[in-house]
Amino acid sequence: MSVIVVGAGIVGLSVAYEALLSGAAVTIIDRDPEGDKASFGNAGGIAVTEVIPLSVPGLWKKVPFWALDPLGPLAVRIRHTPHLFPWLWRFAKVGSASEVRRISGALAEINSRVYDDLVPLFNKVGLANDLFRKGALTVYESESGLRRDRPEWDAKRALGVESQELSASQVRDMEPALGPIVKNGVFTPQWSHVSDPKRIVDVLRCWLADNGAEILQDQVDRVEPRTDGAALTLNGGKTLRAAKIVIAAGVWSAQLAKQLGDRVLLESERGYNTTIASPGVVLEREVIFADRKFVATPLSIGLRIGGAAEFGGLKAAPNFNRSKALVTLAKLYLPGIKEEGGVEWSGHRPATPDSLPVIGRSGPSPRIIYAFGHGHLGLTQGPTTGKIVGDLLFERKPCLNVEPFSVARFS
Ligand SMILES: Cc1cc2nc3c(=O)[nH]c(=O)nc-3n(C[C@H](O)[C@H](O)[C@H](O)COP(=O)(O)OP(=O)(O)OC[C@H]3O[C@@H](n4cnc5c(N)ncnc54)[C@H](O)[C@@H]3O)c2cc1C
């Protein structure tokens with residue numbers, strides 16, 4: 001069977017991997033296969049404990065405080081606001097207690113499979129030494145911060161997330177670089193991090209090429225169903241056909257799905273970071289700074305400090321003052337940090353309003369399959385998405401219930 005995968009980010013590559021293992025003739029098309037998209041510069045966390053959606057009851061009380069700070073954790077570019085309304089409306093709607101329970105259940109289910117799919121993939125392609133199963137540490141500046149988040153920790157625990165509350169001294173025993181501002185923390189042993197997200201996609205892409213996948217550099221302008229399969233039109237007008245086509249084009253997938261006639265609510269949630277090659281401090285594991293909403297990950301290429309959620313559309317220029325602001329915050333927690341030589345980066349998270357990815361068959365054709373919208377969790381859920389899509393391509397019963405991820409939920 002011939003399969004074309006549109007997109008060579010972590011999701012598209014993971015889909016291509018599963019299709020290839022199942023015996024398909026695989027072509028991957030990306031306008032910039034080695035380019036610097038979300039999959040290359042993310043925080044590198046295998047964040048399996050993140051099972052609560054972003055929209056939760058009471059969130060709206062916090063939003064004005066965040067939005068008042070021009071370099072705070074959340075920003076909406078004014079010019080983009082009218083385009084954002086349908087997405088925001090749905091975001092507000094899914095913030096009810098019952099919806100949060102439903103969505104959390106689906107996130108917990110997909111995240112519970114992550115290591116079953118990710119570890120064999122990493123082992124097979126030569127990334128066995130690039131996964132660090134050291135857990136993560138969420139730290140707080142006060143007892144009231146931890147108290148505020150306890151209901152969320154309880155909800156996560158009920159969904160199978162292991163967590164352990166730690167005192168200030170226990171936190172510093174684990175991460176001596178953390179300064180006195182840290183008053184307590186929560187250790188989540190199931191979390192892990194990778195050596196460098198760019199290395200993960202580079203190694204996987206090369207393995208696919210070495211093992212028979214064809215990688216084409218081109219822009220896909222249109223995808224269409226055909227009676228005997230599916231076809232796509234490249235930027236120069238050339239048409240390619242395949243038995244099945246998978247759209248895994250990150251945040252840009254929405255345009256292709258829309259042309260097909262499917263309604264999708266997908267927005268760019270731009271994130272920022274700075275990677276410091278010689279930071280002067282050592283962290284053993286990813287640290288999440290809960291009060292200020294950013295993270296630091298010890299990658300093989302340096303300490304990556306990142307976060308922020310900026311809704312400004314795909315065309316707005318990045319505001320790297322956000323990267324700088326996060327480094328300034330990091331100095332509060334890591335007093336010994338040296339910021340010289342930091343490399344700033346930003347990328348587009350493909351964000352759905354309900355924090356669930358879109359994985360499943362398109363409305364107009366079962367031969368066109370969607371795999372996008374993974375928001376904050378694309379690296380984490382990429383290999384499992386690949387497994388699910390592999391099942392759909394080969395008409396096998398999917399390894400988990402895919403109904404919550406259906407594109408039909410936006411109609
Ligand atoms: C700051 C930041 C930190 C993050 N941290 C984490 C983390 O710690 N853990 C985690 O799990 N996730 C994290 N994420 C999220 C994660 O990076 C994304 O969810 C994931 O990379 C999305 O992968 P993708 O393959 O869907 O999309 P992308 O990586 O965006 O790849 C899409 C590809 O499709 C190609 N493409 C698009 N349209 C077309 C077209 N029409 N024709 C041809 N090619 C096309 C693009 O060129 C691109 O290469 C983070 C994201 C950001 C921005």
Side-chain angles (χ1 to χ4, degrees), residues 4-16 27-50 73 110-111 114 118 136 191-194 197-198 200-201 204-205 215-223 232-235 240 245-257 259 266 268-275 286 288 294-297 299 304-310 314 318 322-323 326 344-352 355 357-359 370-386 389:
I4 299 179
V5 181
V6 184
I10 186 64
V11 176
L13 294 175
S14 301
V15 167
T27 304
I28 304 162
I29 307 180
D30 195 304
R31 59 182 164 230
D32 184 16
E34 296 172 28
D36 188 13
K37 301 298 181 308
S39 299
F40 288 68
N42 61 56
I46 305 303
V48 292
T49 63
E50 294 303 284
I110 189 168
N111 286 3
V114 159
L118 184 143
W191 189 297
S192 58
H193 66 276
V194 300
K198 176 168 165 31
I200 304 305
V201 274
L204 179 51
R205 191 183 58 252
I215 302 183
L216 297 182
Q217 178 158 11
D218 219 318
Q219 153 99 17
V220 175
D221 281 347
R222 194 172 191 87
V223 179
L232 55 76
T233 311
L234 298 175
N235 194 236
L240 298 182
I245 292 180
V246 180
I247 298 179
V251 69
W252 298 273
S253 305
Q255 291 151 243
L256 296 171
Q259 281 167 359
L266 189 67
S268 154
E269 183 191 333
R270 198 193 267 275
Y272 292 86
N273 59 43
T274 302
T275 307
E286 186 161 352
I288 297 121
F294 73 103
V295 304
T297 319
L299 301 178
R304 179 163 289 168
I305 295 156
E310 183 186 77
L314 282 164
R322 293 196 172 279
S323 301
L326 293 170
E344 294 170 347
W345 177 87
S346 90
H348 299 283
R349 298 183 191 94
T352 60
S355 302
V358 178
I359 310 172
Y370 295 141
F372 59 80
H374 294 74
H376 289 236
L377 294 175
L379 174 66
T380 305
Q381 296 170 346
T384 298
T385 302
V389 174

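No hydrogens, no waters, no symmetry mates; every other heavy atom, side chains included, goes into these values. The structure displayed is predicted, hence computed values, not measured ones. Both counts, for ligands and for their atoms, begin at 1 and track the order of listing.
- When each atom of ligand 1 is checked for a heavy atom of Thr380 under 4.0 Å away, the hits are 9 (N), 10 (C), 11 (O).
- Checking only distances, His376 does come within under 3.5 Å of ligand 1, N or O to N or O.
- Judged by distance alone, with hydrogens and angles left aside, the side-chain atoms of Glu344 form no donor-acceptor pair with the main-chain N or O of Thr274 at under 3.5 Å.
- Distances shorter than 4.0 angstrom do not occur between any heavy atom of Ala47 and any atom of ligand 1.
- Among the atoms of Val220, some N or O lies under 3.5 angstrom from an N or O of ligand 1.
- For Thr380 (side chain) and Gly45 (main-chain N/O), a donor-acceptor pair under 3.5 Å exists by modelled atom type.
- Taking each of Ala136, Gly378, Ser39 in turn, the one with a heavy atom nearest to atom 24 (P) of ligand 1 proves to be Ser39.
- Within the 4.0 Å heavy-atom shell around ligand 1 one finds Gly44.
- Considering backbone and side-chain atoms alike, Leu379 places an N or O below 3.5 Å from some N or O of ligand 1.
- Counting heavy atoms only, Gly375 comes closest to atom 15 (C) of ligand 1 of the residues Gly375, Ala308, Ala38.
- For atom 5 (N) of ligand 1, the closest heavy atom belonging to the protein is Ala43 N, 3.0 Å.
- Residue contacts with ligand 1 include Trp345, since one or more of its heavy atoms lies under 4.0 Å from the ligand.
- For the pair Asn273 and ligand 1, the shortest N or O to N or O distance does not fall below 3.5 Å.
- For the pair Asp221 and ligand 1, no heavy-atom separation below 4.0 Å is found.
- Looking at Gly45 next to ligand 1, an N or O pair under 3.5 Å apart turns up.
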